[in-house]
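Remarks on the structure that follows.
Predicted model only: the values in this text are computed from it and were never measured. Quick note on labels: first sequence line is chain A, next is B, and so on, each numbered from 1.
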Protein chains: 2
Amino acid sequence: MIFPPELIKGTFKTIVLKLLADNKKMYGYEITQRVKELTRERIQMTEGTLYPTLHALESEGLVTTETEYIGKRVRKYYSLSPSGKAKSKEKVKEFAEFVATMQLLLDTNLKAI
Amino acid sequence: MIFPPELIKGTFKTIVLKLLADNKKMYGYEITQRVKELTRERIQMTEGTLYPTLHALESEGLVTTETEYIGKRVRKYYSLSPSGKAKSKEKVKEFAEFVATMQLLLDTNLKAI
DNA sequence: AATAATACATAAGATTCCAATGTATTTATA
DNA sequence: TATAAATACATTGGAATCTTATGTATTATT
């Protein structure tokens with residue numbers, strides 16, 4: 001199943017923050033591949049989505065960056081700042097509560113009321 | 001907890017279709033109140049969101065309407081068409097699968113890999 | 001030698017929601 | 001009985017956010 005964009009929208013920051021919380025540091029391309037792999041290609045995070053997300057997180061002070069060279073190729077690693085770690089937990093919890101709330105709407109058979 | 005709009009975005013059609021599947025017919029104001037009540041005010045569906053959603057569903061042939069008068073006040077009831085019933089099931093299932101996929105990203109402690 | 005994969009990034013456009021606004025009726029309250 | 005709150009419809013302009021497309025360059029594979 002391929003998910004409609006409007007469903008995935010709004011979860012990208014949460015996904016990136018959580019991946020960084022679990023992996024200390026990752027670079028952009030690595031994140032796109034990890035998401036694809038972990039979701040069995042059900043969620044694709046393209047560059048057009050990822051890089052603006054990373055840059056937004058950086059400007060909010062939630063991630064820090066360090067640049068490495070692999071040969072001549074630049075690799076930009078992203079890590080969580082302390083506030084980023086807190087934010088990661090917060091966003092994951094928020095998503096869980098959102099799902100619980102949605103289940104109040106979607107799982108109950110309202111005819112019985 | 002108040003959910004950020006970008007998380008709720010994309011679920012409105014699903015919510016409305018499911019409510020209509022469980023209640024045969026509902027009018028707009030009733031839907032806003034039911035959502036508020038069922039989610040304990042965690043999700044608010046305002047008119048600016050609801051009516052465009054209902055009109056979109058109507059133009060897609062997923063809902064039909066009938067107008068009633070309660071005194072002088074117009075009340076417009078919305079019901080699912082056959083394709084709307086199918087769509088409702090489909091969207092609810094889609095949301096469940098989306099959640100399952102997100103849990104692949106958010107619930108696993110990736111450090112262990 | 002050519003292609004695919006790796007790796008960064010931006011920009012224009014589309015979509016979609018949200019806040020604000022508007023009209024009108026009915027019910028509750030002061 | 002006047003006023004406020006709740007009920008009930010609806011639209012619109014703006015904001016936010018993602019997606020598609022595009023661009024550049026290096027490294028690995030065939």
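Across all their heavy atoms, B/Lys18 and A/Leu106 have their closest contact at CE-O, 2.9 Å. Contact detail for B/Gln44 and B/Glu41: the closest heavy-atom pair is NE2-O, 3.6 Å. Across all non-hydrogen atoms, the minimal contact from B/Phe3 to A/Glu94 is CE2-O, 3.8 Å. The minimum heavy-atom distance between B/Glu47 and B/Pro52, with the atom names listed, is O-CD, 3.6 Å.
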Original post:
In the 5'-to-3' direction, what one-character label does each nucleotide of nucleotides 3-20 of chain D receive under the scheme B = base within less than 4.0 Å of a protein heavy atom, S = sugar-phosphate only, - = no such atom?
Top reply: ---SBSBBB------SBB
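Using a 4.5 Å cut-off on side-chain heavy atoms (C-beta onward), A/Thr53 and A/Lys13 make contact.
Separating the CG atom of A/Leu7 from the C1' atom of C/dC17 is a distance of 15 Å, rounded to the nearest angstrom. If you take CD of A/Glu58 and C1' of C/dC8, they are 13 Å apart, rounded to a whole angstrom. Rounded to a whole Å, the NZ atom of B/Lys72 is 15 Å from the C1' atom of C/dT27. Rounded to whole angstrom, the span from the CE atom of A/Met26 across to the C1' atom of C/dC8 amounts to 16 Å.
Residue B/Ser88 forms a side chain to side chain contact (heavy atoms under 4.5 Å, CB included) with just one option from B/Leu62, B/Leu19, B/Thr14, B/Leu80, and that option is B/Leu80.
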